[in-house]
Every structure is written in structure tokens, then in C-alpha cells.
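For reference, the structure discussed in these notes is given below.
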Amino acid sequence: YRTFKLRAFTGWLFPMETRALLCSKREEIFDRTIGSISALNIASGLVLSAIAGACLTDPLEVSEMPEDEQLLGSAYNIMAATALTIQFLIVLHTTYMLLFIYGIGSNPILVYR
């Protein structure tokens with residue numbers, strides 16, 4: 001951490017949540033991990049529901065748009081579908097992570113072995 005380049009790299013490599021886990025006591029790691037993954041899962045689920053409501057129920061009808069705006073409408077529909085897919089994958093991944101962590105053992109001591 002003595003040089004700026006290393007600090008910038010480790011700041012990208014270890015975000016705030018990861019640094020908090022690295023500096024935590026052993027007894028707190030399980031609860032902090034579950035808390036951060038649950039927060040990410042809930043936030044991604046809310047973003048997913050907002051994007052899905054806008055994209056799936058009311059996509060832009062490109063054929064009804066003026067000729068010069070059809071490219072923008074197509075780009076919007078593609079970007080919205082991409083964002084929807086990414087949020088869906090984040091929700092699935094964090095749900096799997098929670099199930100995996102809880103599946104290791106109900107006792108946090110089992111996780112550290």
C-alpha cells in the first residue's frame with residue numbers, strides 16, 4: 001500500500017466489502033459475508049424488477065418510430081435486454097452463493113474448517 005499504483009490496483013481488486021472482510025475478526029466473517037451477499041441479492045432483485053417492468057411490458061416499437069430514430073430505438077432495446085440479462089445473472093449467482101454458504105453448515109464454525 002505504499003505506492004499509489006499498488007493502492008489503486010488493490011482498491012480495484014479488493015472493494016470496500018472485501019477489505020472489511022479481510023480486516024474482520026474470525027467470528028464476524030460469516031455474518032458479514034451473508035449480509036453483503038444478501039444486500040447485493042436484494043438490490044439486484046429490485047433493479048431486475050424495475051428493468052423487467054420497463055423492458056418486457058413496454059419495449060420500444062421501432063417500426064413505429066421515425067426513420068432517423070429507429071437506430072436509437074433498436075440500441076435502447078438491445079441495451080435494456082443486456083441490462084436485464086446481467087441483473088438476472090447477478091440475482092441467480094448471489095442466490096446460489098447464499099445457498100452454497102448455508103449448505104456448508106448451519107454452524108459458522110463449520111465454514112472455517
Side-chain angles (χ1 to χ4, degrees):
Y1 287 122
R2 296 187 191 274
T3 64
F4 177 73
K5 292 179 184 178
L6 184 60
R7 187 179 308 142
F9 177 72
T10 56
W12 171 79
L13 185 62
F14 299 119
M16 182 177 60
E17 299 85 8
T18 308
R19 280 183 276 156
L21 286 174
L22 291 174
C23 297
S24 297
K25 296 178 186 174
R26 189 174 193 172
E27 299 81 27
E28 297 175 355
I29 293 175
F30 183 79
D31 294 330
R32 285 187 180 217
T33 302
I34 295 297
S36 64
I37 294 172
S38 296
L40 181 62
N41 190 340
I42 292 169
S44 296
L46 292 172
V47 172
L48 174 67
S49 66
I51 295 173
C55 295
L56 296 178
T57 60
D58 193 26
L60 291 178
E61 292 292 332
V62 179
S63 60
E64 296 176 0
M65 297 175 75
E67 187 71 31
D68 58 338
E69 295 178 359
Q70 287 185 357
L71 182 64
L72 294 174
S74 295
Y76 172 80
N77 285 339
I78 290 170
M79 289 173 45
T82 304
L84 180 72
T85 304
I86 290 170
Q87 288 300 319
F88 182 70
L89 291 175
I90 291 173
V91 170
L92 284 179
H93 182 69
T94 54
T95 302
Y96 173 74
M97 286 172 47
L98 286 171
L99 291 172
F100 181 74
I101 290 173
Y102 278 124
I104 288 174
S106 58
N107 190 350
I109 295 172
L110 296 175
V111 177
Y112 300 121
R113 291 186 177 182

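All values below were derived from every heavy atom in this structure, side-chain atoms included, with hydrogens, water molecules and symmetry-related copies excluded.
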Members sharing Leu60's hydrophobic cluster (side chains within less than 4.5 Å):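 Answer for Leu60: Tyr76.
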
May I ask you to list the residues sharing a hydrophobic cluster with Leu46, side-chain cutoff 4.5 Å, ordered by chain and number?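 Besides Leu46, the hydrophobic cluster comprises Ile42, listed by chain and residue number.
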
Under 3.5 Å, which donor-acceptor pairs link side chains of residues 66-74 to any protein atom two or more places apart or in another chain?
{"unit_1": "Gln70", "atom_1": "NE2", "unit_2": "Val62", "atom_2": "O", "d": "3.3"}
{"unit_1": "Gln70", "atom_1": "NE2", "unit_2": "Met65", "atom_2": "O", "d": "3.3"}
{"unit_1": "Ser74", "atom_1": "OG", "unit_2": "Gln70", "atom_2": "O", "d": "3.1"}

Distance in Å, Ile101 CD1 paired with Thr33 OG1, rounded so as to fall on 0.5 Å steps: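 Reported value, rounded in 0.5 Å steps: 6.0 Å.
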
From OG (Ser44) to CD1 (Ile37), nearest 0.5 Å: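 The distance works out to 12.0 Å.
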
Show me the side-chain donor-acceptor pairs of residues 79-93 shorter than 3.5 Å, one per line, residues at least two apart or across chains.
{"unit_1": "Thr82", "atom_1": "OG1", "unit_2": "Ile78", "atom_2": "O", "d": "2.8"}
{"unit_1": "Thr85", "atom_1": "OG1", "unit_2": "Ala81", "atom_2": "O", "d": "2.8"}

Sequence neighbours left out, what passes side chain to side chain contact (heavy atoms under 4.5 Å, CB included) with Glu64? Give chain and number order.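 Side chain to side chain contact (heavy atoms under 4.5 Å, CB included) list for Glu64, sorted by chain: Glu61.
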
Report the residues that fulfil side chain to side chain contact (heavy atoms under 4.5 Å, CB included) with Ser49, sequence neighbours left out, ordered by chain and then residue number.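 Partners of Ser49 under the side chain to side chain contact (heavy atoms under 4.5 Å, CB included) test: none.
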
Salt bridge (Lys or Arg N to Asp or Glu O under 4.0 Å): pairs with one or both residues in residues 32-45, sequence neighbours excluded: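 Passing the test, one end in residues 32-45: Glu28-Arg32.
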
